[in-house]
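Scroll down for the structure; my scribbles are underneath it.
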Amino acid sequence: MHKDNLLNKPCSCGNGMTIHMHTLIYSAKVKITGVPVYTCSECSRFEPLPCIKRDLGNLIHELGESSGRKMISFSERNEWANVLKETFAGFTTVNYSDLEQAIFAAVQGRIDVLLDIYQLAVDCADSQWMEETALRLSQLTQSAPERAK
């Protein structure tokens, strides 16, 4: 169905990396939960998915300005992270092919919901709501599953 395998990618050490939800610690005082990363079980290297790096960088920049919070959920700020978190939580088997198909279906479902919300915002002439919804849509559509790696 898709050429790329979203759940796995090669590591620079020669082994494979798998995707999972991770908690990052920023400045030894702020936990950022729900961050999708690739991790290598051999060399312990990890890296965030390329499609979330910009939003993660923006969050870290914001934290640099005011880091009073102790824990932040990245999946509440990023649609990709949210879709992955929800899909992983609802998936009980370890079949990567089925999981990847479930992720693609969840992304499409979320896009459909956001398009409906955007239309409602247009009907209400709520420009702030339209802008927020367009941003959420762009997190998914500019980082389509085929290009997430």
Nearest-0.5 Å distance that lies between atom CZ in R77 and atom CG in L56: 9.5 Å
side-chain contact (heavy atoms from CB on, under 4.5 Å) between T39 and R45, worked out: CA-CA 6 Å; T39 304; R45 180 175 180 260; over 6 Å; no
Audit row: I72, L63, side-chain contact (heavy atoms from CB on, under 4.5 Å) steps and yes/no: CA-CA 10 Å; I72 296 172; L63 291 174; 3.1 Å; yes
Check against side-chain contact (heavy atoms from CB on, under 4.5 Å), L59 and Y26: CA-CA 10 Å; L59 174 59; Y26 174 72; over 6 Å; no
pair N8-I19: side-chain heavy atoms closer than 4.5 Å: no
Single-linkage hydrophobic cluster, 4.5 Å side-chain cutoff, V113 and W129 together: yes
Pairwise distance OG(S73) to NZ(K85) - rounded to 0.5 angstrom: 4.5 Å
Approximate separation, where rounding is to 0.5 Å, of D126 CG and E131 CD: 10.5 Å
Closest contact, heavy atoms only, I52 versus P36: CD1-O, 4.0 Å
Chi angles and distances behind the salt bridge (Lys or Arg N to Asp or Glu O under 4.0 Å) call for E47, K9: CA-CA 11 Å; E47 63 182 64; K9 72 176 269 180; 2.6 Å; yes
Residue from V30, V35, T33 passing side-chain contact (heavy atoms from CB on, under 4.5 Å) with L24: V35
Shared hydrophobic cluster for L135 and V83 (ILVMFWY, side-chain gaps under 4.5 Å): no
Any donor-acceptor N or O pair under 3.5 Å, side chains N82, E76: no
Gap separating the CG atom of L7 from the OH atom of Y38, nearest 0.5 angstrom: 7.0 Å
Interatomic distance, L140 atom CG to Q108 atom CD [nearest 0.5 angstrom]: 9.5 Å
F46-H22 aromatic ring centre distance below 6.0 Å: yes
N58 and E62: side chain donor to acceptor below 3.5 Å: no
pair C11-E42: side-chain heavy atoms closer than 4.5 Å: no
Close side-chain approach of C40 to C13, heavy-atom, < 4.5 Å: yes
Q139 side-chain N/O to E79 backbone N/O, donor-acceptor pair under 3.5 Å: yes
Non-hydrogen atoms of I103 and W80 that approach each other most closely: CG2-CZ3, 4.1 Å
Spacing of OG1 belonging to T87 relative to CD belonging to E100, to within rounding of 0.5 Å: 11.5 Å
Smallest separation among heavy atoms of V37 and L49, with atom names: N-CD1, 3.8 Å
Non-hydrogen atoms of A81 and M21 that approach each other most closely: O-CE, 3.5 Å
